[in-house]
**Student:** 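I have a structure I would like to understand better, so I am pasting it below and will then ask my questions one at a time.
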Amino acid sequence: MAELNIILCDHAERDHLLPLTYTRPVGKLRIGIWTIEEKWNRLASANISFLTQEYLSKVFPANYSGDNLFVNGAFIPTSEMIDEVINLPLNTSLWSNGKWIATRSAEPKLFTELGNKVEAKSEMRVIDRNWKIFQWNGWAMDHDFAWLKSNKTSLDIPSGVTLIGDQIFLDQGAVIQPSAVINATSGPIYLGPDSEIMEGSLVRGGLALLDHAQLKMGAKIYGPTTIGPHSKVGGEVNNAVIIGYSNKGHDGFIGNTVIGEWCNLGADTNTSNLKNNYADVKIHNYALNRSESTGGQFCGLTMGDHSKSGINTMFNTGTVCGVFANVFGSGFPHRRIPDFGWGGAEGFKNFRLNEALEVAERVMERRSIELTEDWIEVYTHLYHTLTQPAT
């Protein structure tokens, strides 16, 4: 059987997921253990590419064939969903409650309005708002962990570790240092290749600690929390998703939070995740250009790629921080922190492009990743699109 050609598409949900989707296709978002792309790679034998924004297309190109499965990248793939998608007849589209899921087409172009439409039979979850990433993280983690248990074998738990429950999986090279306390009764715990939980850490699942990620000494983690590849985390964390390559290396609290890549939270950075009046939290929506309710009492920080906070930074409940922001100083900055913003509670000015690129190059170099010309083009496009020239 020929390998499927799956093209994960940015669709109507993409603009509601900004600023996280300024720098990646929707299919590169992480929820549970893996990104949406990585879930497809594990659940289906397929060649996967992306149909995304034009300015991102050099970094994430689309690959076409004579039999293309165009799939909405915002839908979280499950075994049941994938069965429905890959069995679509040619020139047919799959829908769920008015939302487009997938189209099978021989043409190298997406047609969501093809004549043959079928309604999905299985449960379909679509990430159409950023807060759903942490709200649904436990559900997604349970699905991913079930795949792991069925398809791979865990390493043994090392001696000197206090383990409560048995929902734990250690991948190759994963390390848990003595005196760590791991409670897997409230959710599964996955340690990716060459990840490490340092001594004295306290973990209450679920937790996904991806490859080369670290929990620092004495960290306190409440699930469901996902810490992406090459990230370092200390202090207290509750129900957060860090996409990858970002650090919160010191004390301080983040909760009900989504952090992009290449971010750094300075020592004693804290996020509020609950309003004093216990009301539903509203956060800024780029697509609507206004705040909207999350429908929940708990929501902390959403932070776009390459943003940083200085020591003792305080983020208010429901803060949205754009890409390449640099936040510092006393007091609470505004709950809508601008892209390429430089400042804090007293206001923001533009973070100059050349300086932003210099910092990005240094940060990426520490992980042995090159800031390529294609990425420089992406970041330059975003700067000129999202800011007024600095004076």
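The first residue of the sequence shown is numbered 1, and numbering continues consecutively from there. What you see is a predicted model, and the numbers here were worked out from it, not measured in a lab. Heavy-atom basis, side chains included; hydrogens, waters and symmetry copies ignored.
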**Student:** Please tell me whether Trp40 and Trp34 form a close aromatic pair, meaning their ring centres lie under 6.0 Å apart.
**Tutor:**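 Between Trp40 and Trp34, the centre distance exceeds or equals 6.0 Å.
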**Student:** Compare all side-chain heavy atoms of Phe298 with those of Asn238 and state whether any distance is below 4.5 angstrom.
**Tutor:**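 No, too far: nothing below the 4.5 Å cut-off.
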**Student:** Main chain of Ala74, side chain of Asn72: is a donor-acceptor contact present, judged purely on distance under 3.5 Å?
**Tutor:**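 Flag set: sc Asn72 to bb Ala74 pair under 3.5 Å.
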**Student:** Can you find a pair of side-chain heavy atoms, one from Val26 and one from Leu17, that are under 4.5 Å apart?
**Tutor:**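 In contact.
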**Student:** Could you check Phe351 against Phe340 for ring pair (Phe, Tyr, Trp, His ring centres under 6.0 Å), going step by step and ending with a plain yes or no?
**Tutor:** CA-CA 5 Å; Phe351 189 7; Phe340 291 91; 7.3 Å; no
**Student:** Which value, rounded to the nearest 0.5 Å, describes the distance between Leu56 atom CG and Thr21 atom OG1?
**Tutor:**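 Output value for this atom pair is 9.0 Å.
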**Student:** Do Thr35 and Lys39 come close enough that some side-chain heavy atom pair is under 4.5 Å?
**Tutor:**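 The answer is no, as the side chains (C-beta and beyond) never meet within the 4.5 Å cut-off.
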**Student:** Quick check on the 6.0 Å ring-centre criterion: do His143 and Trp139 meet it?
**Tutor:**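 Yes, the ring of His143 comes within the 6.0 Å limit of the ring of Trp139, centre to centre.
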**Student:** Take atom CG in Asn87; do more than 12 heavy atoms of anything else shown fall under 6.0 Å from it?
**Tutor:**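 Yes, enclosed.
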**Student:** When rounded to the nearest 0.5 angstrom, what distance separates NE2 in His284 from CZ in Arg336?
**Tutor:**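 Between atom NE2 of His284 and atom CZ of Arg336 there are 4.5 Å.
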**Student:** Let's go through Asn63 and Asn47 carefully: what are the C-alpha distance in whole Å and the side-chain angles of both, what is the deciding distance for side chain to side chain contact (heavy atoms under 4.5 Å, CB included) to 0.1 Å, and is it a yes or a no?
**Tutor:** CA-CA 8 Å; Asn63 299 318; Asn47 170 47; 4.0 Å; yes
**Student:** Under 3.5 Å, side chain of Asn5 to main-chain N/O of Asp67, donor-acceptor pair present?
**Tutor:**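 No, Asn5 side chain to Asp67 backbone: no donor-acceptor pair under 3.5 Å.
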**Student:** Where the side chain of Lys248 meets the backbone of Gly234, is there a donor-acceptor pair that is under 3.5 Å apart?
**Tutor:**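 Side chain of Lys248 to backbone of Gly234: a pair is present.
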**Student:** With a 4.5 Å cut-off on side-chain heavy atoms, are Ile101 and Met81 touching?
**Tutor:**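 A side-chain contact under 4.5 Å exists here.
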**Student:** Closer than 4.0 angstrom, basic N to acidic O: yes or no for Glu261 and Arg24?
**Tutor:**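 Counted as a salt bridge, because a side-chain N and a carboxylate O are separated by less than 4.0 Å.
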**Student:** Quick one: does Phe134's side chain get under 4.5 Å of Thr257's, heavy atoms only?
**Tutor:**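 SC-SC contact between Phe134 and Thr257 ruled out.
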**Student:** Indicate yes or no: at least one non-hydrogen side-chain atom of Glu236 is less than 4.5 angstrom from one of Tyr222.
**Tutor:**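 Side-chain contact under 4.5 Å: yes.
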**Student:** So that I can tick it off, tell me whether Glu13 and Arg129 are bridged by a salt bridge, with the cut-off set at under 4.0 angstrom between side-chain N and carboxylate O.
**Tutor:**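 Glu13 and Arg129: not salt-bridged.
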**Student:** Check for a donor-acceptor pair, side chain of Asn350 on one end and backbone N or O of Arg352 on the other, with a separation under 3.5 Å.
**Tutor:**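 No; judged by distance alone, with no hydrogens or angles, the pair does not exist.
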**Student:** Among Ile31, Ile242, Leu210, which one satisfies side-chain contact (heavy atoms from CB on, under 4.5 Å) with Thr226?
**Tutor:**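 Running side-chain contact (heavy atoms from CB on, under 4.5 Å) over Ile31, Ile242, Leu210 with Thr226 returns exactly one hit, Leu210.
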**Student:** Decide if the gap between the ring center of Phe348 and the ring center of His334 is smaller than 6.0 angstrom.
**Tutor:**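 Centroid separation for Phe348 and His334: 6.0 Å or greater.
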**Student:** Backbone N or O of Ser65 within a donor-acceptor pair of the Asn68 side chain at under 3.5 Å?
**Tutor:**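 Yes.
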**Student:** Do Asn316 and Ser272 meet the criterion of a side-chain donor-acceptor pair at a distance under 3.5 Å?
**Tutor:**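 Checked: Asn316/Ser272 side chains show no N/O donor-acceptor pair below 3.5 Å.
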**Student:** Heavy-atom count check: over 12 atoms from other residues, nucleotides or ligands less than 6.0 Å from Asp166 CG?
**Tutor:**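 Not more than 12 within 6.0 Å, no.
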**Student:** Give a yes or no on whether the backbone of Thr103 and the side-chain of Ser93 come within a donor-acceptor separation of less than 3.5 Å.
**Tutor:**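 Such a contact is absent between Ser93 side chain and Thr103 backbone.
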**Student:** Could you tell me whether a side-chain N or O of Ser154 sits under 3.5 Å from a main-chain N or O of Leu170, the two making a donor and an acceptor?
**Tutor:**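 Between the backbone of Leu170 and the side chain of Ser154 there is a qualifying donor-acceptor contact (under 3.5 Å).
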**Student:** Would you call the rings of His212 and His230 parallel, tilted or perpendicular, taking 30° and 60° as the class edges?
**Tutor:**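 Correct class here is parallel.
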**Student:** Hey, is the main chain of Val181 close enough, under 3.5 Å, to the side chain of Thr162 for a donor-acceptor pair?
**Tutor:**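 Not confirmed, Thr162 side chain does not pair with Val181 backbone.
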**Student:** May I ask you to list the residues sharing a hydrophobic cluster with Met198, side-chain cutoff 4.5 Å, ordered by chain and number?
**Tutor:**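 Besides Met198, the cluster holds Met217.
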**Student:** Taking atom types as modelled and ignoring hydrogens, do the side chains of Asn183 and Thr185 form a donor-acceptor contact shorter than 3.5 angstrom?
**Tutor:**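 There is such a pair between these side chains.
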**Student:** Out of curiosity, Ser159 OG to Asp156 CG, how far, rounded to the nearest 0.5 Å?
**Tutor:**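 Spacing of OG (Ser159) from CG (Asp156) equals 11.0 Å.
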**Student:** Just verifying a value: how many Å separate Gln297 CD and Asn273 CG, rounded to the nearest 0.5 Å?
**Tutor:**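 Between Gln297 CD and Asn273 CG, I get 10.5 Å after rounding to 0.5 Å.
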**Student:** Nearest 0.5 Å please: distance from the OG atom of Ser330 over to the CD atom of Glu346.
**Tutor:**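 Nearest 0.5 Å value for the OG-CD distance: 7.0 Å.
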**Student:** May I ask you to check whether Tyr22 and Tyr286 place their ring centers less than 6.0 Å from one another?
**Tutor:**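 Yes, the ring centres sit under 6.0 Å apart.
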**Student:** Are side-chain heavy atoms of His16 and Leu288 found at a separation under 4.5 Å?
**Tutor:**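 The answer is yes; the side chains approach within 4.5 Å.
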**Student:** Give me the ring orientation class for Phe50 and Phe60: parallel if the planes are under 30° apart, tilted from 30 to 60°, perpendicular past 60°.
**Tutor:**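 Judged by the thresholds at 30° and 60°, the geometry between Phe50 and Phe60 is perpendicular.
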**Student:** With a 6.0 Å cut-off (strictly less than), is the heavy-atom count around CG of Asn277, excluding the residue itself, greater than 12?
**Tutor:**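 For Asn277, atom CG is crowded (more than 12 foreign heavy atoms under 6.0 Å).
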**Student:** Are the side chain of Thr225 and the backbone of Ala240 linked by a donor-acceptor contact shorter than 3.5 Å?
**Tutor:**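 Answer holds: yes.
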**Student:** How about Trp262 and Phe324: do any of their side-chain heavy atoms sit closer than 4.5 Å?
**Tutor:**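 In short, these two side chains do not touch, never coming nearer than 4.5 Å.
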**Student:** When you look at Ser122 and Glu84, which way does the side chain to side chain donor-acceptor pair (under 3.5 Å) test go after all the steps?
**Tutor:** CA-CA 8 Å; Ser122 57; Glu84 292 198 56; 2.7 Å; yes
**Student:** Determine whether a donor-acceptor pair (N or O, by modelled atom type, separation under 3.5 Å) exists between the side chain of Thr269 and the backbone of Leu265.
**Tutor:**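 Side chain of Thr269 to backbone of Leu265: no pair is present.
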**Student:** Which value, rounded to the nearest 0.5 Å, describes the distance between Arg42 atom CZ and Lys152 atom NZ?
**Tutor:**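 Between Arg42 CZ and Lys152 NZ, I get 7.0 Å after rounding to 0.5 Å.
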**Student:** Evaluate Phe145 against Phe169 for side chain to side chain contact (heavy atoms under 4.5 Å, CB included), listing each step before the verdict.
**Tutor:** CA-CA 8 Å; Phe145 194 80; Phe169 191 103; 3.6 Å; yes
**Student:** So, Asp128 and Lys99, do they make that salt bridge, N to O below 4.0 Å?
**Tutor:**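 Looking at Asp128 and Lys99, the cut-off is met.
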